[in-house]
Amino acid sequence: MRLIERTPLRVKLIVAVLALVTVALALISLASVTALRGYLVGRLDNQLQLVAQRPDRPPGELDGRAGLRPGPPSPFLVQERDPSGQVVEENSADLLDQDQQLPRVPADPAWLQAHAGTPTTVPASAGGGRWRVLVRPIGDGGSRVIAASLTGIDNAVGWLIRFDLVVSLLVVAALAGIGATLVRASLRPLVEIEQTARAIAAGD
């Protein structure tokens, strides 16, 4: 408490202004990151829905694992699963990024049924990646799993967070310098009056 009382007025003003600016920048950054992530994930969910609405393919057409009927490179992983939840076909050999780990989708009919029709996020089978997954019931109790990696979105959001952090630090540093100059100039008359009063009180 005594430290606060002994702190010069100009320092208190500068700290208060910088604190308000820092809070404002943090809220703006949080809002922008949340909006960007929501927009990109929403677009990806719409693309998953479009892929899920495509007509069913004949058996064997998706089986890229065995090199049968290879298709064009695709960012979407499509799996055909039997009623027990086991993968019977998939196009993993046609993925654009062959180095990415596949999504960890439970081979559980109850889980597949519970998440049918609603995009959900699951982790990759290894590493720290994430996938957006949509389940569509097909056939006699089977299901089609459509998935797309969230790596690109996570990288874009991470870049925005780092950019906002750098810009915020530069803004705070600039305001600190400008604010110190303005406050010092504004308070100079008061400081002179204070010094004069002290001199009069001392009898000089």
In one Ile/Leu/Val/Met/Phe/Trp/Tyr side-chain cluster, 4.5 Å: [X], [Y]:
{"X": "Phe76", "Y": "Val122", "result": "no"}
{"X": "Ile28", "Y": "Phe163", "result": "no"}
{"X": "Leu50", "Y": "Tyr39", "result": "no"}
{"X": "Leu160", "Y": "Leu27", "result": "no"}
{"X": "Leu30", "Y": "Leu36", "result": "no"}

So how far is it from [X] [atom1] to [Y] [atom2], rounded to the nearest 0.5 Å?
{"X": "Asn91", "Y": "Ile146", "atom1": "CG", "atom2": "CD1", "value": "10.0 Å"}
{"X": "Leu134", "Y": "Thr118", "atom1": "CG", "atom2": "OG1", "value": "8.0 Å"}
{"X": "Leu48", "Y": "Thr120", "atom1": "CG", "atom2": "OG1", "value": "11.0 Å"}
{"X": "Arg37", "Y": "Ile153", "atom1": "CZ", "atom2": "CD1", "value": "8.5 Å"}
{"X": "Asp108", "Y": "Leu112", "atom1": "CG", "atom2": "CG", "value": "7.0 Å"}
{"X": "Leu44", "Y": "Leu150", "atom1": "CG", "atom2": "CG", "value": "6.0 Å"}

Kindly give the heavy-atom pair with the smallest separation between [X] and [Y], and that separation in Å.
{"X": "Ser92", "Y": "Leu102", "value": "CB-CD1, 4.2 Å"}
{"X": "Ser29", "Y": "Asp164", "value": "OG-CB, 3.4 Å"}
{"X": "Pro109", "Y": "Pro83", "value": "CG-O, 3.3 Å"}
{"X": "Arg81", "Y": "Pro106", "value": "NH1-O, 3.3 Å"}
{"X": "Leu95", "Y": "Gln100", "value": "CD1-NE2, 4.0 Å"}
{"X": "Gln101", "Y": "Ala126", "value": "CG-O, 3.4 Å"}

Within a strict 4.5 Å, meaning less than it, do heavy atoms of the [X] and [Y] side chains meet?
{"X": "Val145", "Y": "Val133", "value": "yes"}
{"X": "Arg144", "Y": "Val78", "value": "yes"}
{"X": "Leu77", "Y": "Pro103", "value": "yes"}

Sequence neighbours excluded, every pair satisfying ring-ring contact (aromatic ring centres under 6.0 Å, His included) that has a member inside residues 112-143: Trp111-His115
For Ser84 and Gln86, does a side-chain donor sit closer than 3.5 Å to a side-chain acceptor? no
Between Thr121 and Arg132, is there a side-chain donor-acceptor contact under 3.5 Å, judged purely by atom types and distance? yes
Within the side chain of Arg130, is there an N or O that forms a donor-acceptor pair under 3.5 Å with the backbone of Pro123? no
A quick test of your reading: do over 12 heavy atoms of other residues, nucleotides or ligands sit less than 6.0 Å from CZ of Arg104? yes
More than 12 foreign heavy atoms under 6.0 Å from CD of Gln113: is that the case here? no
